[in-house]
Each structure stands twice: as structure tokens, then as C-alpha cells.
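Worksheet: the structure to be examined is printed underneath.
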Amino acid sequence: MFKLTVYKKVNLSRNFYLIFLSFLLVLVGGKIILAHEKLTTYQEAMQLYRSGNLVEAEKKLRAAKLNLSVTDHNKDINMKLSLLSPIREVMEDLDEKAASYYKDNELDLLVDMYDRWQTNQQKWVSGTNIQKDMYGEMLALTKLDQDMKGYFSTIKKTNLAKLENGASIDQSAEEQIYTNVNKIPNEYFGGEAAKSKEIITSFQMYYEGKVNKLTSANAPVIEIVTEGNRQLGMLSRFSIESGWLVKKLDTYLLNVLTTAIAKKDYATFAEQANSTKKLSSNMKDAKVLAYIEKSKSDLLSKAKKLTASNKYEEAISIYEALTPLENTEQLIAKANLAWDKYEPIRVLKRLYPDKEFPNFVNARNKWGADSVVAAISKDGKIYFGRLKGEEPMVVTEGTVNASPVINKLSFQSSYSTSDNPVLFIDAKSSERKHHYLAYEVESSLIKPILDVEADNLTVEAKQVLLLDNPVGQGAGELAYFEPGINGEYQFTKIKVDYVDIQVSDIASYFGKKVRFTAYAASKTSSGAALVTLSEGYNYSTGKYEKSYLILNGSENFTIYTNYTVIGVFNSYTTITNENGEQVRVPVIQVEKVE
């Protein structure tokens, strides 16, 4: 076992103390050096501080504070750093974060940095001179004011530039632009008033451009109205005055609608007016809305007058055109009903769409109906229709005999023995000037009551027809036709419209139609027959004298012939007799020679 001697123990102890002493000497020397360095740094800091170089002074003071070898001047160092370091730290933080937020398009955070900067700036500028000067140095060092101006100016320019070619942006983009530019501090617009003016002007020009583009292209009114409504809503949301837009829309739309009315393009007017009325909530006092109501009222009044004048097609076209603007369904139905009653052939054509009706006749307020129609189709069918109230048309059908070529169709209710409707037809005839037919309409059938060809027909009395030269019985005469037991017209007798006389009594019948028999002894130079009325010797004159009668007409009279004639004594003429004297003689206008 190893054991230390006394000598060795003493020697070891001495060596330990020598080492320890050397260590202490090193520590003391180092501290002296560090203390000198701190003093030197502090003195340099104070020199910079007194010369106004506060940023560098703050840097030296921080270095001195970090020297912990001695505590000399620590109180002064801490006091000065408490004034300078917060300004440096805040300004460096603001500068760094503002740049980062701008780069990352974090506008809200950038505005927060601006607000934080303004708050600290106000505090430092209104603080001590040291704080004010330190802020000034840090502002010059970081260029935060220039950076902020650049950031916000670029953001403003970038956003407002989007409004200059705004066709590519939507409503959400508009809202974002408005929000963004309003967040930008007033000073970068030149103040609050200038900011408000620039934003309002930019949006007004942008919106006006969009409206101008639509109006210049004559875009559909609904597109213009939709965009106008949208813009009015956005302007209200942005608290921007919209009077200019209201006036622009009012003027343009009023011009569009007045043009449509001037062209009588009522359908276009109604469609455009209906679209325009969607602006009413935002443009209650607009002239165009008042114009729409007045024009609509005028057109409805016009259609009503046209209906009253039986111009139904034009009236209905107006009602139909106004459909987008007004519920005219009942007015159209009412006008169509009135038109049907005025022209019931319309109803018949609808009921028989495969038929053609070249001949038809109407009547109103007869035979218990508001309106009736009689028509003959191209294939020879007869149709008689009744309209009453709003009930469907009641139609009775029949057939025309032999399908003649019809000249005229009319109602002749006086032909009926029961006051039923009678359809009278004047058709072409191969043997006479006319072919007369009549058909009586009973409850469920149409029956023929007249079928005769003659040169003329007149109604002498109710149910008494006078036909001139009918085919068959009464030919060559004026013949009466009257209804028999079954209601059909038939020949009854010849009409005698003359007086049978002795030719010698002709002087008593001036102006009347007469019939007589006379002997044509000779002819006048004009070819008329000369009839001797009387002859004898006149003892007072000593001459043999005759009296004469002239038969004048289309007949080619021959002499030495007896003629039974019917004619009218209506004039006298003067002839030269056998004695060379001028004598006045009666003239008979012969109508017929039997």
C-alpha cells in the first residue's frame, strides 16, 4: 500500500496553492481587461449619443450592456436603451412584416401594420426629443414611409386598373376592389375627400362604360334593365350616388319605348315595357314608368274603340301584344266572342275546317239568336248556324239541289209561312236570266220551298212572289207563285195588269196599260203600225175624214193584219193625213203582242 510521506504531503499542498493563485491572477487580469472594454464601449456610445447618432449609440449601448464584467454605468445604459431600443425594434418589425404582407397580398395585415406604425409614430413624434430623433433615424434607415407609399400606391393602381377593362370581372370582383381601395389609407389618395372622389369617379366611369356598351349595341332591354338593377344595388351598397344612372336609364329606355310605339310595334313595346318595369323599385319616379302606364292605358282604350267599330282583328292584335304587360285574356275572349257574332262564318269555318264557304250571309238578333249565319260550301252543302250568349254554335245542315253557280245568297224570312229563316239563292240559269231557289230552316232540317227559273222576281206581298217569264207554267207571263200546303211555292195564276178595252175608246185611257184588238191598215215611215179608229164624211167641211192610232214597239208589224196587243197609252204625235193635213194622234207603246 502506497503511503505519502510528510515531505510529499507538504510539497503537494504548496503546488496546489501556486496553481490556484495563478488562476486568480488570470481572472483578475481578465476582469480588468473586460472592464476597460465596457468603459471604452460606453464612452463611444455616449459620444455617439451626444452627437445625435442615436442608432449607432443604441448599438454600442447594447454591446456595453452585454459586458457583465462590471456594473459601472449600467443604470445609465439601461435608461438610454429603454428610450432607444423599443423604437428600433418596432421599426425593424414593422419594416419586415409590411414587406412580407405586401408580398403575400395580405392587405388587412398590411393595413394593421400601417395603423401600428401611425400609432407609434404619433407617440414617438410627440415624445421626447431623443425619441423623435431616434424615430427619424430609423425611418431614414428602414425607408418605411417610402415602402408603405409604394405598397399602397401599387395596390390602389392595380385594383382601379381592373375597372378600366372591367368586362372581365364579375360582381364579387367589384366588391373586392371597392373593399380593397377603401382599406387603403387616405393619405395615399391625397386625403379623405380626394379618396372618396377618386373611388366614386372610378366606379361611375366603370359602370357607365358597361351601360354604354349595352346601349350602343342595342342589347335586349332585359339585359340593360338587369345590369341597371345590379348597378343600382351595387351603388347603394357602396353608398355612391346613383342619380346619373337613373337619368341615363330613364332617357334611354324612354327613347326605346317611344320608338316602338311610333312604329306601332306594340308587341315589342309590351315586352320591353315589362322588362323596364322591373326597375320600378329603384326608379319609382322615372318618366319611362309613367309613359308605360299611359301608353298601356291608351292602347287598351284604342283596342276597346276598335272593338266597338267591329275592327276585331286589329283590336285583338293589340290585346295579344299587351299580354306581357297586362292580363288581357278576358278581353281577348270577349273580343273574339263579339267578332264571332259579327262574323259567325268564323265559327262555321272552325267547326268545318275541311270545308270552303264561297257564299255566306249573316244576320243579327233574329230567330231567337244573337247572330246567325247561312253558308253554302263548295261541295253544295247548306249550313245554318245560330249563336246565342256564350253557348256553342248550333248548326243545321242541308243540300242545295243541282249545285248551281250562285250569284247571291240572302235571307228572305217573309217567304216562310212560319217566320222561319229562309235562305234565298239567286243563281245562274241556262234558260232564263235567273235561277231562284229558297230553303226554309226548321228546327232540325233545311227543306227546299222554291226552285224556279225566270227573268225576274219581285215580292208583291208576304208569301206572294211575282215571276216574269218563268220556265213551265206562266211562261211568257208575269206569274204568281205562292206556297202550297207543304210550304213549297208553286204557280197559282197569271198577273193581269191591264184593262181590256175597245180600241175606239183609247182616248179615255191615257197613262194606263190596256189590251185591245186592232187592224193594222198601214205603216208609218218609221215602221210603226197605223190603225184606223174611225172614218166618215164630214158634211160641215165637205171632206172624207179618218182618225188614227199608232202602235209603236219592237214588233215588226205587217199591214192588213189584226193584232191583239198589250201596251200603255202614254203620248201623242202629229202625222199628215190623206188630206195633207196635220192631225194629232195617240201613240200606244206596245209591250206584248198576243
Side-chain angles (χ1 to χ4, degrees), residues 42 45-66 74-160 176-202 238-240:
Y42 171 74
M46 291 307 297
Q47 185 178 354
L48 292 168
Y49 186 84
R50 286 190 292 270
S51 67
N53 193 345
L54 300 177
V55 173
E56 289 299 320
E58 190 267 348
K59 186 185 297 184
K60 291 289 185 180
L61 287 171
R62 277 189 288 120
K65 183 178 180 180
L66 291 174
N74 277 357
K75 184 176 182 180
D76 188 40
I77 290 171
N78 289 334
M79 184 274 292
K80 287 181 171 57
L81 286 175
S82 67
L83 293 176
L84 302 177
S85 291
I87 296 174
R88 176 189 59 78
E89 292 170 356
V90 170
M91 288 297 288
E92 288 177 347
D93 186 56
L94 288 171
D95 187 41
E96 180 183 350
K97 289 182 177 178
S100 176
Y101 295 151
Y102 171 71
K103 180 181 178 182
D104 296 338
N105 294 318
E106 297 285 355
L107 179 57
D108 288 338
L109 295 176
L110 183 61
V111 171
D112 288 343
M113 288 300 99
Y114 173 84
D115 292 339
R116 182 182 167 199
W117 170 38
Q118 294 301 303
T119 300
N120 283 286
Q121 176 180 251
Q122 184 177 5
K123 178 179 68 175
W124 296 330
V125 170
S126 62
T128 65
N129 289 334
I130 294 299
Q131 288 177 305
K132 182 176 180 181
D133 291 344
M134 180 62 175
Y135 167 69
E137 287 188 46
M138 286 303 299
L139 188 62
L141 181 65
T142 60
K143 295 184 175 59
L144 183 61
D145 55 344
Q146 297 177 31
D147 290 344
M148 284 293 195
K149 182 178 180 180
Y151 301 154
F152 285 119
S153 295
T154 301
I155 292 170
K156 178 182 77 171
K157 183 178 180 180
T158 301
N159 277 272
L160 294 182
Q176 190 61 55
I177 291 169
Y178 182 80
T179 301
N180 288 347
V181 294
N182 271 282
K183 287 178 180 178
I184 296 172
N186 295 342
E187 68 173 286
Y188 301 112
F189 288 88
E192 183 178 1
K195 175 182 179 180
S196 177
K197 182 178 180 181
E198 185 171 353
I199 293 174
I200 289 172
T201 300
S202 296
F238 296 159
S239 298
I240 297 177

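Start at 1 with the first residue, then count along the sequence. What's counted below: heavy atoms across the whole structure, side chains too, no hydrogens, waters or symmetry copies.
- Between Asn182 and Phe238 there is no side-chain heavy-atom pair separated by less than 4.5 Å.
- Within the cation-pi definition used here (under 6.0 Å to the ring centroid, within 45° of the axis), Lys80 qualifies as a partner of Tyr49.
- Here CZ of Arg88 is found 13.0 Å from CG of Leu54. Values are rounded to the nearest 0.5 Å.
- Using a 4.5 Å heavy-atom threshold, the side chains of Asp145 and Trp117 count as touching.
- Closest of all the heavy-atom pairs between Leu110 and Met148 is CD1-SD, 4.1 Å.
- For the pair Glu192 and Lys195, the salt-bridge criterion is not met [side-chain N within less than 4.0 Å of a carboxylate O].
- Under the rule for a ring pair (Phe, Tyr, Trp, His ring centres under 6.0 Å), the partners of Tyr135 that lie at least two apart in sequence or sit in another chain are Trp124.
- Asn159 approaches Ile155 most closely through the heavy-atom pair ND2-O, 2.8 Å.
- Here Thr154 contributes atom OG1 and Ile184 contributes atom CD1; the two are 9.5 Å apart, rounded to the nearest 0.5 Å.
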With side-chain hydrogen bond (donor to acceptor under 3.5 Å, both in side chains) as the criterion, how do Glu58 and Ser85 come out once you've worked through the C-alpha distance, each side chain's angles and the decisive distance to 0.1 Å? CA-CA 7 Å; Glu58 190 267 348; Ser85 291; 2.6 Å; yes
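- Once rounded to the nearest 0.5 Å, the distance linking CE of Met113 with CG of Asp95 reads 11.5 Å.
- Inter-residue side-chain proximity for Glu198 and Val181 is flagged as unmet; no heavy-atom pair is nearer than 4.5 Å.
- Separating the NZ atom in Lys132 from the CD atom in Gln121 is a distance of 11.0 Å, to the nearest 0.5 Å.
- Heavy-atom minimum distance, Met134 versus Leu84: CE-O, 3.6 Å.
- Residue pairs meeting the side chain to side chain donor-acceptor pair (under 3.5 Å) criterion with at least one member in residues 102-112, sequence neighbours excluded: Asp108-Lys183.
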Quick one: do Glu187 and Phe152 satisfy side chain to side chain contact (heavy atoms under 4.5 Å, CB included)? Show the steps, please. CA-CA 10 Å; Glu187 68 173 286; Phe152 285 119; over 6 Å; no
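- To the nearest 0.5 Å, atom CG of residue Leu83 and atom CG of residue Asn129 are 11.5 Å apart.
- With a 4.5 Å cut-off on side-chain heavy atoms, Leu144 and Met91 count as touching.
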Please walk me through it: do Glu137 and Asn53 pass side chain to side chain contact (heavy atoms under 4.5 Å, CB included)? CA-CA 8 Å; Glu137 287 188 46; Asn53 193 345; 3.7 Å; yes
Side chain to side chain contact (heavy atoms under 4.5 Å, CB included) between Lys123 and Asn120, intermediate numbers included: CA-CA 5 Å; Lys123 178 179 68 175; Asn120 283 286; 3.5 Å; yes
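- The two residues Lys149 and Tyr188 have their closest heavy-atom pair at CA-CE2, 3.3 Å.
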Side chain to side chain contact (heavy atoms under 4.5 Å, CB included) for Thr142 and Glu96? Distances and angles first, verdict last. CA-CA 9 Å; Thr142 60; Glu96 180 183 350; over 6 Å; no
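- Considering only heavy atoms from C-beta on, Leu109 stays 4.5 Å or farther from Lys97 through its side chain.
- More than 12 heavy-atom neighbours from other residues, nucleotides or ligands sit within 6.0 angstrom of CD on Gln118.
- The line from CD of Gln47 to CD of Glu56 is 12.5 Å long, rounded to the nearest 0.5 Å.
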